[in-house]
Each structure stands twice: as C-alpha cells, then as structure tokens.
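Quick one: structure below, then a few questions.
Just so you know, ligand 1 is whichever comes first in the structure, and atom 1 is the first atom listed for that ligand.
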Amino acid sequence: MQIGTLIKRAKTYLPNLKEEKLREAYAYARESHKGQTRMDGTPYVMHPLASAIILTELHVDEDTLIACLLHDVPEDTDRTLGDIENKFGKKVAFLVDGVTKLSKVKYRHDMMERQIESLKKFFLHSARDLRVILIKLADRLHNMSTLEHVREEKQLRIARETMEIYVPISDLLGIWEFKSTLEDLCFRYIYPKEYSDLKKQMSRSAHHHKKLLNETVQMVARSLKQHSIKAEVEARPKTLYSIFRKMVSRGQRLEDLNDLLALRIIIEEQAKCYQVLGIIHALFRPRSGRIKDFIAVPKANGYQSLHTTVFGVEGVPTEFQIRTHEMHFEAQYGIAAHYFYKQARQRGKQSQTAHQKTQSAWVQKVLELQKELKNNYDFLENLKIDIFQDRIFVFTPHGDVIDLPNGANGIDFAYHIHSDIGNRAVGMYRNGMKTPLSTMLNTGDTVRILTSKAQKYPRRDWLEKIQTSLARNKIMESLKKQTAAKRHHEGSEFLKRELFRYGFGDSNKLPERQKQKLIKKFEASSWGEFLEMVGEGTVSEEGFIQALYSLEQLLGKPYRSRKTPLSDVKFQKKRHTRLLEKTSDVTQDNPYYRVKISLIATDRVGFLRDIGIQLASIGANIYQIRVSDHIAKEGQVHVVITLEVMDFAQLRRAFDAIEAVEGMLEVYRMREKKTAKS
Ligand code: MN
C-alpha cells in the first residue's frame, strides 16, 4: 500500500486534486508516527493511509483525505493540533480534532470524564461537520479489518462496540457499504462459532451458486444487448451476517432460505428501469407479490430501486435489483453521496442534471440539525433526542463506555459487562446512589453493579424487564441450567406474582379449565411442565396473561376520540423509533384505557415525584392520584393511581417503571367490583 494508490483513487473523482498537499500530509504523518508499529508489525502510518483509501469509496473531498491521514497524530504522537493547524489550516485541524480523544494528562485523575467529554466532542464536531463521522467510520473499518492481530478479550469488546455504535451510525447515515462490511467483520468475533459454521455451509453450495449466477448474468446481458440497453449486470453477494440474521429472525435453516441468489442491474436512465423489469420477466417467470417499486415510492431513507424475485435458472428463486448509477451510489453511500455531490455541483464540476432531485426527508433532518446545533450548547441532549434517540451511553466505574438501547436498565448493563456479573447481580449504584437494578439508565450515568456470591441464577422476572437481546439470551441460558424442581418453583412463584399484579387474585385458585387452556396453548404435557416452562422463560408473562384474559378483562373498556400525537404513540409502542417517525406531528384517534393501580411504599420525601418521573419516561399519563388514609404500617404510604395507557404492553411497562421506584413494596392493579358499575 502506498500514497500513490490513494492519489490514483482520489483522482478518479477529484480531477483537480492537489497531489502535493496529499503527499505532504502523508510525509508528515509518517514522520510523526516514526518508530510506532501496528499490532501486526507494519509501520503505523499504514493505518491512516488505509483509512484514507477506504474513504475514497465515498468520494470524499481533499480536506477529508488529508485529515484522515493525520487523524491519529495529535492523540498518539508529540505533535499537537496546533502544529497541524499551522501546517494544514483550520478546516483540516477541525476534522482531526473531532476524532481526537481529549488529553490523557489533563484527565488522568478521571478517565471516565475523559471518555464522556471525548464522546461529546465527537458528537459536537460531527454535528457541525458530517465528515468527522466519515473519518471515524473509515478508521473503525480499517481497525476492524485488522482485528485478528489484537488480544482476544479486546477483540470482543471492540467488535461489540462497533456493532452497537458504528453499525447504527452507518445505518442512520445510509452508508450501506460500510454498514454491511462492518457487520460481517463484527459477526466473526461476536459469534465465532456461528460464523465459521455458516461460512463452511456456504462454501459447500458456493460452486453451484456461482454456476447459476454466471448463467443468469449471461442470459440477462444477452437479452439487454438485443434491446440495445447499456447496463452493468453483476452478481450481488449476500453478506454472511445478513444471511445469519435472516436465519435467526425467520427460524430457518440455510437450505430453506430461498433468496440467496441476487443480481443487480445498473443502467443510465430511470425510465429504462421499467423496460429492464419487463425484459427480466420475459426471461424468467416472476414470483407473485415479490415485485416492489421503490422508484415510484422510495423507502423512508430515500432508497430507490426496482426489486423483483423470479424463478431463475433451474427454477431457483433469484432476486433482481434494477436501478440507475445515481440510485446505486446513493444506496451504497447514503448521506455521503448527497454531501459530496452537492459540493461538487456547487463547484460546477458536476452536471446540473445529476442529483437534482429533492433530498430525502431524513437527510434534510440531519442537515438541518447540523445547522441548528451551531448555536446550541445542548448539543448532546439534542443529538441524543434527534439522532441517537434509541441509544444510551453508560459508563463502568473504570470509564469504559457501554452502549445500550434506550430504556435499558441495570440488568441489561450487568449482562453487557459479563454474564457472571449479570447472574450474580443484586443491586447497583447509579451515579453513587443505590437504586434497584430495574431502574432505567440514562446517557452519562456511571453504574457499579453489586453482586452476591450466594446468587447463582438470574431472577425469572428479569426477562420481563430487560431491553436487550443479549441479556435475554444469557438469562434464558442460565435459567435453563437450573434443576427441574427449581424451575417449577420459580414458574409457580412467578405466575402467582403476575396474576396478583394484574388483579386476578391467587393463582392457586386458578380453575382447572384455565389450566387446561394454558397446557394446551403452550403444548405442555402437564401443569407441572407448564410451570417449568414459565420458570425457564420459554413461556412469557405476556404469553400466559393474554392466553388467559381478554383485552377487556385486562384493561377495561377503551376510551376514544382523544387526539394523541402520532409521534408519541409510536414512541410508546416501539423502542427502536426511527428518525422519520419521530419528526411526524400527525395526530390520530387512539383508544386508551384507564387502569387503577394500588401501591404501598416506604414513605419518603420525593416519592410521588419519582413516580411521576418514571411514568412520564414511558409516556403514560396519570389521570388521577390519591393518597389513601389506609396505612397498614407506620412509615408507609398507600397511593392509588389512575393511569391512562395505550395498550397492555404499556401497562406492563408502567408496572416495571413503578416497581423500580425506590422503596416500593407492593404494586397491583385494582379491579372494579362488578356491582359497582351499575
Ligand atoms: Mn485510527
């Protein structure tokens, strides 16, 4: 790898590139990193060079390439940001600054503070200038591709961090090419066994697939030529991780997946896309219901293409994507495509016709945010809400960042550190205050998990509280390791507790008819086995509650015709809200339910306030709150809350939220006496 390679690649799209400046930056980086080597023994400067070469795929501009070559200089060498500014100017220095962590010396007493501040700085710089994120992504991409040389425990940590922070960022920015490459690289380290199994399986059918694809490409190319359509026809390899994800989400084996063969046809004019579709359908019989027109109706993120699946060569299902060069570049490089094309156009180097169409809504949103944030000091808050809404960043006492989905709590956090810590967790200190494990965490929190040697297994009800699939898998794994008797006991206790919670009384008095219903529904051989299934988590709370009771029994009669902002509804229903849904301000009628909940807790200052905060955080409205005179014991308080919820899922979360309030002793739903209604 040499500087010549970088210059050659950059010149393909930057005809006026100042070659000397790039060479100068490279020489400066090489000189600065002199004597340093990467884990694989190569000179350090190979890393920024490789990252810059990766960036040429995005057609980034000259400043970005220079900044990328210099990106590790201030952090890892004697030369400072000031040196870079003097030599390469303010703009380049700003980009380098964005990816540079804050001084180790200044923060030597508080490494956690350094992490937070560095993260904030990265976000701030990215918000002002998107190119900062692109440099960081290229940097990460190269580090991931050389991860085999790194110590094993570090490999897993870096791969996870990548999967949890940088993959979502690439996804958000629509940079598919980076996203899929990063995912495959992470896959290898996070699920090594699954990765190698799948790879082996794939290689078995590789030869046959290749033959089929070649034949298809030839047939299609011939036919397009007959119609005088200039096109690129290419086989589109499916990434291992995308196949793995499909197998998991559909519960299918590799043999059962029928969309392994995929091709892409790229042409000049949009109008001809439909003609090509016709030509494909004349060659192969289309599968009904598998034709999608994302040109007329683009996806929310702006993606455009025609999709069709046909019975291809030998009758094997084959997927085609038909698009123009423009659509293709945009599909692969998302926001970068907009950003740099726009710039090129302004400089008059790009034809006016190219990329004239309106930017998709989400791109506009990101660009707007960039503008707004220039004068906004609440940057982190804004970014969190508008861009990284579904992620939070939480710190270990050592200052490591654990990235979690929004709504995650101490249990999720514990399992993200280690499954042993999860299984033995009994409580946590959040920012120095002792709080229940199920308390929701926020960005910037520092969390220390308290563990107990006596506790070997997770609690059954954790399964209903966590947000991450990682915690779910680990808890299920551990619960299954318990003896049958223990699982039976746990299941029985859990059932009892849940029925009490929703106001259905004692599970021991559950009628035989109801028990049979559950046994049948969950295909258990006996009541005992059903309880075991509950105890090990195979049967969820939502599962058995909804099998036993109708919506009306659970929530009462719905109230209607209140205007609720759609954005709120979506936020309540789905944790992984997408950018577009959040920006919508459409309102619509939604039924909602009033549920009366009784709670008993240790009396203390701020108790009601904490309940209010918890309930607001899940978007549930308090219709009425009443402090009852009935007190069972001295120092306790009895409160009755009438809550407005959208659905059962929200009611469940309301219970979790209330139970997480410090000092809570008992929470259950109060049921109206039937006679009282008339
Ligand atoms: Mn680097």
> Between H209 and K238, does a side chain to side chain contact (heavy atoms under 4.5 Å, CB included) hold up when you go through it step by step?
Replying inline: CA-CA 12 Å; H209 280 172; K238 294 254 167 159; over 6 Å; no
> Are any N, O or S atoms from H142 nearer to the Mn ion (ligand 1) than 2.8 Å?
Replying inline: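 False for H142.
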> Is R79 close enough and on-axis enough to Y28, meaning under 6.0 Å and within 45°, for cation-pi?
Replying inline: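 R79 over Y28 ring: yes.
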> Of R30, E31, Q36, which meets side chain to side chain donor-acceptor pair (under 3.5 Å) against H33?
Replying inline: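 When side chain to side chain donor-acceptor pair (under 3.5 Å) is applied between H33 and each of R30, E31, Q36, only Q36 qualifies.
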>> Once rounded to the nearest 0.5 Å, what's the spacing between atom CG of L70 and atom OG of S32?
In response: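 Taking CG in L70 and OG in S32, the distance rounds to 7.5 Å.
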>> Please give the atom name: the N, O or S atom of D72 nearest to the Mn ion (ligand 1).
In response: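 For D72, the N, O or S atom at the smallest distance from the Mn ion (ligand 1) is OD2.
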> Taking the Mn ion (ligand 1) as the vertex, how big is the angle to OD1 in D139 and NE2 in H71, rounded to 10°?
Replying inline: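 With the Mn ion (ligand 1) as the vertex, OD1 (D139) and NE2 (H71) sit 90° apart.
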